[in-house]
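Letters A, B, ... are given to chains in the order of the sequence lines, protein chains preceding strands, and every chain is numbered from 1. Since this is a predicted model, take the numbers as computed values, not measurements.
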Amino acid sequence: MSGKQRTVYAGLVNEKMAGQAITLKGWVQKRRDLGGLIFVDLRDREGIVQLTFSDEFSKDALKTAERIRSEYVISITGVVSLRAESAINPKMKTGKVEVLVHQAEILAESKTPPFDIEDGVDVNEELKLKYRYLDLRRPEMQKGLILRSKIMSSSMRFMEENGFLDIETPYLAKSTPEGARDYLVPSRIYPGSFYALPQSPQLFKQLLMGAGFDRYFQIARCFRDEDLRGDRQPEFTQLDMETSFMNQGEIMELVNRWITQIMSDVVKANIDSNSFPVLHWQEAMDRFGSDKPDLRFGIELHDVSEIMKQTNFTVFTGAIKKGGFVKAIVAPKGATKFTRKMIDGQTDYIKRFGAKGLAWIKFENGEFSGPIAKFVSDVKGQLVSFLSLSDGDLVFFAADTFSVVSDTLGYLRKYVAKELDLIDESKWDFAWIVDWPLFEYSEDFGRWIAAHHPFTMPNEEDLHYLDDGEDPHLAHAQSYDLVLNGYELGSGSIRIHTMDIQKKMLKALGFTSDQAEKAFGFLLEAMEYGFPPMGGIALGLDRLAMLLSGKENIREVIAFPKNSNATEPMTKAPSRVSEKQLAELGLRVPE
RNA sequence: GGUUCCAUGGUCUAGUUGGUCUAGGACGCCUCCCUGUCACGGAGGAGAUCGCGGGUUCAAACCCCGCUGGGACCGCCA
């Protein structure tokens, strides 16, 4: 190395530096060789600046430039120069300047990369992951991770300023029932026994409250061995906090201030956290068909069961008789936009939600048309006024159980909004969803399970539902989810802090006292030693970073993510291990 | 566990009623020329067992079956 230190990042060179000698280090984005004059675009994490090589400035440097290829790592020293008016490149942040190179050194050569390192490249995902370190050189990717870092530092600053203590909790923890599948870690010292990687620091943070730390915060990695999605990775990061002696409203207010600070620090957005809508879970489901509604657009669900009861359309009346619903959404001026082919495609798509079909009518020139028009003609007047239809509208109907209708129309309203271009992508629409059911039915277990987790405090007035002979699943919880643009950003609750309620809760979940003792005995015992009232929340850092950087996949804001099959193409994890390693752990693996 | 889509030089892709494909294009790469480019330009060149295996056929990148790998979705995700 020449020994000269970098004086500035390439992307930060500006007109004020004109005439100054600077030293830059970075990667070659592009070389343009005009013969005796060579231009090189030099890239580092802050951006790109143009270098100019000519024997006018240095014969040696020009010679070096002739050898330079894409992705070489170079170090140069030169003088910042204002470009002539005609040579200014308005597309570049540094387009008004260039660096006349007096000294150049190649620090590392590079093979031709397997794909172009530039934003907007369309390369298959596996190749990008295999050469992740190259993909991460793209400005877009660096921007995402830089933004993620800013969310973390903004959060840490907020928590520090509000008296929260950063306390680490174990990664080698105990497997507990309920919830997601655990990642297990075999114990060498106790063959046949396993640690579990935490699905969240939930129990530990509650115990920290029990220990009197009062306010806890942690950027915590969490592990869940479930199948992946675009917004779900097997390991992910939570901005996790817990506080003693605060009620639900106070915690929500604190989170509002926290989010406001993040939005201001990270994306310079001035959001009014006092205006976050607070929706009851039931209301969110009724109006939007989702517990994480996207509120950037309308297209609400309307219950037309009462009107449809009067028709002879057995698909509708039959669903109602079975205790189901008929609901509708209106695609404003959608009658011409949505072709028969598109509707057929959607009819097919919604079958995955359990819907048997999709009914629709078009309202044009005062008349209904479409396959079911004749069945609903008798209630035309009622529908037009109930749904406030105007000319050219298209109406979709779903008739089924509450959950199928909700899933179907909840999906369709997003589809319709996208097709009709009704979504304002510049908006940040936060919402709180509160008053969740305490339990939900699991087909898998054949019993009621905790909707949130087993430590969630029921609403005070619902406590009696946990008593013998009552209907526990009518109980609602002191829990609150923060939603942004249709994504669940975070989930929190007030926790149970007394043993008798906790025991009732576990009993309602079907635990015998023996099983409860075995799984959560340490927690129940802790509750006997002065456990304070407490509550908290965990925000999904990866999702927040994804949304704030406008990405559609969580992989874009994780440096080294897994692919959709939970493998990692670069290191090829997971992999087989040696017989020796297995033997030490007392494990045997079938061939 | 299920549904669905995809796989052609380094990258992205054309090809789709089987023959005219000796597989076309763009970008990239290599050599040479070029002093104001920034999607530099000009001339020339290299580079593909069409993911793998089997089948149908006179003939398969193309049709069928299986496998592998990948994307999206459902289940799952306290």
Sugar-phosphate, base or nothing in reach of A:Gln199, heavy atoms under 4.0 Å: nothing
A:Asn89 side-chain N/O to B:G36 phosphate OP1/OP2 under 4.0 Å: no
Exam field: side chain A:Asp462 to backbone A:His476, donor-acceptor pair closer than 3.5 Å: yes
Proximity to the side chain of A:Phe39 - top-ranked nucleotide from B:G36, B:U31, B:G69: B:G36
Touch class at under 4.0 angstrom, heavy-atom based, for A:Ala84 against every strand present: nothing
Smallest separation among heavy atoms of A:Arg413 and A:Leu301, with atom names: CD-CD1, 4.1 Å
Closest nucleotide among B:C73, B:C29, B:C38 to the A:Ser70 side chain: B:C29
Pair assignment for B:U4, Watson-Crick or G-U wobble, requiring both distances under 3.5 Å: B:G71
Between P of B:U35 and CZ of A:Phe57, the distance in whole Å: 14 Å
Nearest-nucleotide pick for A:Leu37, side chain only, options being B:A72, B:G36, B:C38: B:G36
First encountered from the 5' end of RNA chain B, between A:Glu440 and A:Gly36: A:Gly36
Sugar-phosphate only, base, or nothing, as touched by A:Ala450 at under 4.0 Å among non-hydrogen atoms: sugar-phosphate
Under-4.0 Å salt bridge between A:Arg555 and A:Glu125: yes
Distance-only donor-acceptor test, A:Glu118 side-chain atoms vs B:G28 base atoms, 3.5 Å: no
No-H, no-angle donor-acceptor pair, A:Arg224 side chain to B:C77 base, under 3.5 Å: no
Pair partner, B:G44 [Watson-Crick or wobble, under 3.5 Å]: B:C30
Pairing nucleotide - B:C76, Watson-Crick or G-U, each distance under 3.5 Å: none
Lys/Arg-Asp/Glu bridge criterion (N-O < 4.0 Å) met for A:Glu71, A:Arg43: yes
Comparing A:Pro177 and A:Met92 on RNA chain B - which has the more 5′ nearest nucleotide: A:Met92
Expected output: side-chain A:His497 to main-chain A:Phe531 donor-acceptor under 3.5 Å: yes
Selected nucleotide, minimal atom distance to A:Asp55 side chain, candidates B:G71, B:U35, B:G36: B:U35
B:A61 versus B:G51 - spacing of their C1' atoms, nearest Å: 12 Å
Sugar-phosphate only, base, or nothing, as touched by A:Ser200 at under 4.0 Å among non-hydrogen atoms: base
Closest to side chain of A:Arg232, choosing from B:C77, B:C29, B:U35: B:C77
Nearest atoms (heavy-atom pairs only) where A:Ala399 meets A:Val405: C-CG2, 4.0 Å
Inter-nucleotide P distance (B:C34, B:G71), Å rounded: 48 Å
Verdict with reasoning, A:Asp500 to A:Thr498, per side chain to side chain donor-acceptor pair (under 3.5 Å): CA-CA 6 Å; A:Asp500 58 322; A:Thr498 58; 3.1 Å; yes
Salt-bridge present (A:Arg232, A:Asp227; N to O < 4.0 Å): no
Distance test, side-chain N/O of A:Thr112 to OP1/OP2 of B:G28, below 4.0 Å: no
Rounded distance in Å - CG (A:Leu62) to P (B:U35): 11 Å
Over all atoms of both residues, closest heavy-atom pair of A:Arg224 and A:Ser200: NH2-CB, 4.1 Å
Length of the CD-P vector between A:Glu71 and B:C29, whole Å: 11 Å
A:Arg132 CZ - B:G70 P separation (whole Å): 15 Å
Spacing between A:Asp407 atom CG and B:G75 atom C1', to the nearest angstrom: 12 Å
Side-chain donor or acceptor of A:Gln478 paired with backbone N/O of A:Pro458 under 3.5 Å: yes
Whole-angstrom distance between B:C73 and B:C67, as gauged at atom P: 24 Å
CG (A:Asp60) with more than 12 external heavy atoms under 6.0 Å: no
B:A39 versus B:G44 - spacing of their P atoms, nearest Å: 25 Å
A:Lys59 NZ to B:U35 P, straight-line distance once rounded to whole Å: 14 Å
Partner nucleotide of B:G66 by Watson-Crick or wobble geometry (both distances under 3.5 Å): B:C52
Nucleic acid footprint by protein, nucleotides 1-13 of chain B - heavy-atom cut-off 4.0 Å, B for base, S for sugar-phosphate alone: B--------SSSS
Spacing of CZ belonging to A:Phe53 relative to OG belonging to A:Ser58, to within rounding of 0.5 Å: 9.0 Å
Whole-angstrom distance between B:C5 and B:G10, as gauged at atom C1': 25 Å
Touch class at under 4.0 angstrom, heavy-atom based, for A:Phe455 against every strand present: nothing
Identity of whatever pairs with B:U22 - Watson-Crick or G-U, under 3.5 angstrom: none
Sugar-phosphate, base or nothing in reach of A:Gly230, heavy atoms under 4.0 Å: sugar-phosphate
Ring centers of A:Tyr349, A:Tyr411 separated by less than 6.0 Å: yes
Gap in Å between the two C1' atoms, one belonging to B:A23 and one to B:G9, rounded: 11 Å
Distance, P atom - from B:G24 to B:C65, rounded to whole angstrom: 30 Å
Whole-Å P distance, B:C40 and B:G28: 7 Å
Between B:C73 (P) and A:Glu125 (CD): distance, integer Å: 12 Å
Sugar-phosphate, base or nothing in reach of A:Asn553, heavy atoms under 4.0 Å: sugar-phosphate
Check: A:Gln50 side chain, B:U37 base, donor-acceptor under 3.5 Å: yes
Just the table, please: protein N/O against nucleotides 40-45 of chain B N/O, every pair under 3.5 Å.
residue	atom	partner	partner atom	Å
B:C40	OP1	A:Lys30	NZ	3.1
B:C40	N4	A:Asp33	O	2.2

Rounded distance (Å) that lies between atom C1' of B:C77 and atom CD of A:Gln238: 12 Å
Touch class at under 4.0 angstrom, heavy-atom based, for A:Arg83 against every strand present: base
Geometric class of the A:Phe325/A:Phe402 ring pair [parallel <30°, tilted 30-60°, perpendicular >60°]: perpendicular
